[in-house]
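So the structure is just underneath, and the comments pick up after that.
No hydrogens, no waters, no symmetry mates; every other heavy atom, side chains included, goes into these values.
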Amino acid sequence: MIVATVAHAYTPAEAAAVSEIAIKSVHNAIDKRIIANRPSSTEGRALTEEDLLRLKLWYGVGSILSAERRKRLFDTIDENPGADTVRADDYLIIDVARARQQLATRAEALRESEELIQSVKGVVGGEPVFRGTRVPVRTIAAMKAQGASTEEIVEGYPAMTGRMVELADIWTAAHPARGRPRKLSELGLKVKSETRLLLGNERVPKSSDKSS
């Protein structure tokens with residue numbers, strides 16, 4: 001008996017997060033038929049794992065190969081689906097196996113994040129949080145984007161683990177928020193501490209500088 005395997009279908013946002021390609025570029029690739037346009041029951045467009053590989057390679061070698069040569073590269077990959085490397089021209093060999101592994105690693109991270117993150121009515125205004133916590137995922141991703149280290153975030157949020165902090169990025173990329181970002185006060189949260197960032201030649205005033 002032959003058992004059919006069901007391939008995972010990615011939304012454009014998920015595809016962008018896994019392939020590390022801008023979501024605008026994903027839609028552009030679909031519009032230009034670089035990858036197929038498959039209907040989705042949720043987002044209108046669905047992408048396969050092979051589509052993600054094409055996205056990664058199309059934009060990864062875009063500065064090296066012309067569009068026509070990239071299309072020939074895809075034809076060669078289709079003809080040799082099990083090949084670890086594919087020769088793009090006389091001087092360039094593409095490491096397809098490495099690209100697949102990078103995609104698989106990020107796809108697994110996305111699946112892991114989906115299991116750890118949930119939205120619960122009445123908890124932080126329904127914002128997505130890590131299970132067992134009241135920590136908004138997008139807040140953690142924003143902190144990282146502003147330069148906070150994993151260690152600093154975990155220190156400030158004891159319920160968090162380093163792995164949770166890592167997964168916040170890919171989950172947020174795969175689920176972009178709609179509308180303006182909500183303030184912590186709107187989520188029922190309070191800022192416990194503040195860090196002042198210096199701009200330009202600004203200096204921190206010493207105690208002697210303060211007026212008595």
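- A donor-acceptor distance shorter than 3.5 angstrom exists from the side chain of Thr76 to the backbone of Arg72, with no hydrogens or angles considered.
- For the atom pair NE2 of His175 and OG1 of Thr11, the computed distance is 7.0 Å after rounding to the nearest 0.5 Å.
- At a threshold of 4.5 Å between side-chain heavy atoms, the hydrophobic network of Ile, Leu, Val, Met, Phe, Trp and Tyr places Val124 and Val120 in one connected group.
- Linking ILVMFWY side-chain heavy atoms closer than 4.5 Å, directly or via other members, places Val96 and Leu92 in a single hydrophobic cluster.
- One N or O on the side chain of Asp95 and one on the backbone of Arg98 form a donor-acceptor pair closer than 3.5 Å.
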Are Lys24 and Asp31 close enough, and set up right, to give a salt bridge (charged side-chain N to carboxylate O under 4.0 Å, His left out), and what steps lead you there?
CA-CA 11 Å; Lys24 181 178 180 180; Asp31 293 338; over 6 Å; no
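- How far NZ of Lys56 is from CD of Glu20: 5.0 Å, rounded to the nearest 0.5 Å.
- The two residues Ala9 and Glu14 come nearest to each other via the heavy atoms O-OE1, 4.0 Å.
- Here the straight-line distance linking atom CD1 of Ile94 with atom CD1 of Ile77 works out to 7.5 Å at 0.5 Å rounding.
- Atoms CG and CD, on Leu110 and Glu115 in that order, are 10.5 Å from each other to the nearest 0.5 Å.
- Tyr59 contributes a side-chain N or O that, together with a main-chain N or O of Ser25, makes up a donor-acceptor pair within less than 3.5 Å.
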Does Ile140 form a side-chain contact (heavy atoms from CB on, under 4.5 Å) with Ile153? I'd like the steps, not just the answer.
CA-CA 8 Å; Ile140 299 301; Ile153 295 174; 3.7 Å; yes
After noting the C-alpha distance and the side-chain angles of Arg138 and Trp171, does the key distance pass the side-chain contact (heavy atoms from CB on, under 4.5 Å) rule?
CA-CA 9 Å; Arg138 292 192 174 95; Trp171 188 92; 3.9 Å; yes
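- Interatomic distance, CG of Leu73 versus CH2 of Trp58, reported as 9.5 Å (0.5 Å rounding).
- Crowding of Glu108 atom CD: a count of heavy atoms from other residues, nucleotides or ligands under 6.0 Å exceeding 12.
- Checking side-chain atoms of Glu152 against main-chain N and O of Ser149 turns up a donor-acceptor pair under 3.5 Å.
- A distance-only check finds no donor-acceptor pair linking the side chain of Arg131 to the backbone of Ile117 [under 3.5 Å].
- Under the 3.5 Å distance criterion, the side-chain polar atoms of Arg70 are left unmatched by any main-chain donor or acceptor of Val61.
- Taken to the nearest 0.5 Å, the CZ atom of Phe74 stands 13.5 Å off from the CD atom of Glu79.
- When all heavy atoms of Ser19 and Leu55 are compared, the closest pair comes out as OG-CD1, 4.2 Å.
- Under the 3.5 Å distance criterion, the side-chain polar atoms of Thr172 are matched with a main-chain donor or acceptor of Ala168.
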Checking side-chain contact (heavy atoms from CB on, under 4.5 Å) for the pair Tyr10/Asp51: CA distance, chi angles, key distance, verdict?
CA-CA 9 Å; Tyr10 296 89; Asp51 291 333; over 6 Å; no
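- Residue Ile21 is grouped with residue Ile64 when hydrophobic side chains (ILVMFWY) are merged at heavy-atom distances under 4.5 angstrom, including chains of intermediate members.
- Of the charged side-chain nitrogens involved, none lies within less than 4.0 Å of a carboxylate oxygen, so that Lys71 and Glu68 do not count as a salt-bridged pair.
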Arg45 vs His27, side chain to side chain donor-acceptor pair (under 3.5 Å): CA-CA, chis, key distance, verdict:
CA-CA 9 Å; Arg45 289 175 161 179; His27 285 294; 2.9 Å; yes
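- Minimum interatomic distance between Leu53 and Ala99 (heavy atoms only, all atoms of both residues): CD1-CB, 3.8 Å.
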Step by step, would you call Arg111 with Glu114 a salt bridge (charged side-chain N to carboxylate O under 4.0 Å, His left out)?
CA-CA 5 Å; Arg111 284 190 287 270; Glu114 299 287 1; over 6 Å; no
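- Put simply, the side chain of Val154 does not reach to within 4.5 Å of the side chain of Thr161, judged on heavy atoms.
- Leu47 is not listed as a side-chain neighbour of Arg54, based on a closest heavy-atom distance of 4.5 Å or more.
- When all heavy atoms are compared, the tightest approach of Ala107 to Val18 is N-CG1, 3.9 Å.
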Please test Glu49 against Arg100 for salt bridge (charged side-chain N to carboxylate O under 4.0 Å, His left out), starting from the C-alpha separation and ending with a verdict.
CA-CA 9 Å; Glu49 293 176 350; Arg100 290 186 188 278; over 6 Å; no
Residue pair Ile35, Leu52: steps toward the side-chain contact (heavy atoms from CB on, under 4.5 Å) verdict
CA-CA 9 Å; Ile35 54 179; Leu52 267 59; over 6 Å; no
Take Glu127 and Arg134 through the test salt bridge (charged side-chain N to carboxylate O under 4.0 Å, His left out) and record every step on the way to the result.
CA-CA 9 Å; Glu127 277 289 302; Arg134 293 176 58 85; over 6 Å; no
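- Contact detail for Ala13 and Ala174: the closest heavy-atom pair is CB-O, 3.4 Å.
- Contact between Thr133 and Ala159 at its shortest, heavy atoms only, is CG2-CB, 3.7 Å.
- Transitive grouping of hydrophobic side chains (ILVMFWY, heavy atoms separated by less than 4.5 Å) keeps Ile170 and Ile23 in distinct clusters.
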